[in-house]
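One structure is given here, and the rest of the page talks about it.
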Amino acid sequence: MLKIYNTLNNQKEEFQPIDANQVGIYVCGMTVYDLCHMGHARVMVMFDVITRHLRRNFPNVKYVRNITDIDDKIITRAIENNEDIYTLTNRFIDAMHEDEKSLGVLSPDIEPRATDSIDKMIDMIENLSKKGLAYQGKNGDVFYSVRNFKEYGKLSGKNLDDLMAGARVDIESNKKDPLDFVLWKKAKSDEPKWPSPWGDGRPGWHIECSAMSNHFISNHFDIHGGGMDLTFPHHENEIAQSEGANSCKFVNTWMHVGFVNVDDEKMSKSLKNFFTIRDVLKNYDGETLRYFLISSHYRSPLNYSKTNIDGAQSALKRLYNAINGLNNKVDDLTLIDTNFEERFNSALNDDFNTPMALSILFEIAKQINIERTNNPNKASALSIQLVELGNYLGILEYDADEYLKQGSELSESDISKKIEQREEARSSKDFAMSDQIRDELFELGIILEDSVNGTTWRRK
RNA sequence: GGCUGGGUAGCAAAGCGGUUAUGCAGGGGCCUGCAAAGCCUUUUAGACCGGUUCGACUCCGGUCCCAGCCUCCA
């Protein structure tokens with residue numbers, strides 16, 4: 001039985017889909033004006049793990065993740081670069097897809113772009129106007145009237161008067177209430193624009209997710225997620241829009257992924273303390289990054305540091321070392337210990353507890369290492385299981401030997417030649433020579449390992 | 001000020017009212033020509049103060065501290 005922590009009531013609760021044959025999940029995706037950083041990576045990877053698990057447990061899952069391809073930052077950046085917004089956003093959408101691939105993230109079922117759904121947004125704003133929840137300000141912008149939606153604040157646990165008392169409410173004379181937010185923005189002359197009943201303009205940020213989730217999934221669906229910083233105001237506003245327009249419950253379960261921190265501070269573009277996925281991929285392989293991202297629970301903060309990613313790399317290598325050299329072909333499946341799989345599944349069923357799930361992988365690895373000499377069939381069976389469960393999380397996707405050798409600057413044949421030379425030295429008991437060759441290779445990042453089956457090598 | 005989370009061993013990170021988390025790192029041993037990998041073993045815990053309980057890291061209350069949101073942000 002799957003339990004998920006729901007931001008709506010700050011509790012773990014049993015997940016019961018509206019329709020067990022068709023689970024709907026919508027995740028707020030990227031605003032594509034720059035490269036994705038590690039914070040984005042965490043959201044992509046976590047919801048990838050979440051949807052993989054949902055797909056294992058329900059016959060059909062519709063996973064929608066939007067692309068915000070129109071907003072102020074995009075317009076500003078396009079002007080800076082002297083290019084049109086589509087040239088800019090297409091470039092960063094491609095980059096995002098490449099990054100996802102590196103991280104082993106499977107594509108969502110639908111990735112709608114905001115600019116393809118402008119008509120849906122206009123319909124929704126019109127609907128809100130009819131219901132007295134939207135009005136046009138003096139400057140021509142259309143605003144949502146927050147005071148007219150009585151449940152405003154239910155997701156984030158805020159109430160309007162506390163927000164009013166806060167110091168950081170912006171003063172916008174065109175609004176009836178400072179907390180009202182923009183649904184439709186009137187275009188300035190040189191900006192991208194679409195026709196609407198309120199004049200040429202573009203949508204506000206929040207309306208796209210309401211319109212697209214309602215259109216591509218339903219007015220009422222199972223799971224809506226995103227980064228924790230979206231809880232307020234973005235998701236709060238989505239609720240106001242969708243429930244205001246449709247007069248029915250919008251989302252059953254709200255999920256929010258914690259931040260990637262740098263020196264215990266949130267990684268963000270405004271703080272300029274961010275590392276792009278590409279930056280990090282220069283020094284680590286994608287699977288190491290993925291391991292790092294799932295090594296803490298999704299709601300906890302995750303500190304980005306070299307030490308922590310190095311730790312992830314060592315840990316992942318331990319798993320690959322365990323499966324390395326086993327034939328992965330075993331007829332006797334009764335040798336597989338189903339207890340591991342049960343515990344693995346119940347870890348994920350407990351609000352997607354990936355650290356717990358990973359710890360079971362290490363238990364299997366240990367068992368493989370214990371059995372591999374005296375009971376190779378059992379070890380092979382366990383290694384099949386380890387790979388299978390690892391794949392479930394999107395790791396251990398590579399051939400162990402290839403993975404452990406990757407990134408070597410020396411060619412396979414050069415290394416083999418050195419190993420042969422060393423073998424000759426060893427057989428004539430010239431251990432000084434033998435050790436010298438091993439040390440030379442070590443300096444070049446190659447580790448040699450002698451076993452009864454001969455000498456093998458891997459990357460440091 | 002309001003609202004969320006959280007404070008676990010050298011580092012990272014979980015579960016759990018009583019019994020080894022797990023990974024990395026460190027010590028000792030086994031294996032090895034020596035290593036590496038691996039196995040065995042071992043050292044470091046639960047911010048603080050009360051309460052409940054036969055027993056609390058785990059439940060309850062309080063104190064202190066940290067992060068996040070309340071402005072665009074994943």
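Heavy atoms only: backbone and side chains are in, while hydrogens, waters and symmetry mates are out. Proteins come first, then strands; the chains are lettered A, B, ... in the order of their sequence lines, and each starts at number 1.
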Candidate nucleotides [options], ranked by approach to the side chain of [X] - the nearest:
| X | options | result |
| --- | --- | --- |
| A:H297 | B:G5, B:A14, B:A74 | B:A14 |
| A:D229 | B:A74, B:G23, B:A12 | B:A74 |
| A:Y5 | B:G23, B:G5, B:G68 | B:G5 |
| A:H37 | B:A74, B:A14, B:C3 | B:A74 |

Under 4.0 Å, counting only non-hydrogen atoms across every strand here, what does [X] touch: a base, just sugar-phosphate, or nothing?
| X | answer |
| --- | --- |
| A:V260 | base |
| A:G39 | base |
| A:G29 | sugar-phosphate |
| A:D310 | nothing |
| A:F232 | sugar-phosphate |

Trace of the salt bridge (charged side-chain N to carboxylate O under 4.0 Å, His left out) decision for A:K154 with A:E243: CA-CA 12 Å; A:K154 68 177 175 181; A:E243 299 196 353; 2.8 Å; yes
Atom pair distance, as rounded to whole Å: CG in A:L160 and P in B:C70: 15 Å
Is there a Watson-Crick or G-U wobble partner for [N] with both distances under 3.5 Å, and if so, which one is it?
| N | result |
| --- | --- |
| B:C64 | B:G7 |
| B:C39 | B:G29 |
| B:U58 | none |
| B:A13 | none |

Contact letters for nucleotides 31-43 of chain B, in which S counts primed atoms plus P, OP1 and OP2 and B counts the base, heavy atoms under 4.0 Å: --BBBBSSSS---
Residue mapping more 5' on RNA chain B - nearest nucleotide basis, A:L230 or A:S296: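 Going by which nucleotide is closer to the 5' end, it is A:S296.
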Residue closer to the 5' end of RNA chain B, A:Q11 versus A:L271 (nearest nucleotide):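 Closest to the 5' end, via its nearest nucleotide, is A:Q11.
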Ion pair A:D414/A:K418, N-O distance below 4.0 Å: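 Salt bridge flag = no for A:K418 with A:D414.
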NZ/NE/NH1/NH2 to OD/OE distance under 4.0 Å, A:R113 and A:D69: yes
Over-ring placement of A:K62 relative to A:F221, 6.0 Å and 45° cut-offs: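 That pair does not qualify as a cation-pi contact.
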Within 45° cone and under 6.0 Å: A:R299 NZ/CZ vs A:Y5 ring: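 The answer is yes, since A:R299 meets both limits relative to A:Y5.
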Gap in Å between the two C1' atoms, one belonging to B:C65 and one to B:C39, rounded: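 After rounding to an integer number of Å, I get 43 Å for this pair.
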A:N349 and A:S346: CA distance, side-chain angles, deciding distance, side-chain hydrogen bond (donor to acceptor under 3.5 Å, both in side chains) verdict: CA-CA 5 Å; A:N349 276 334; A:S346 53; over 6 Å; no
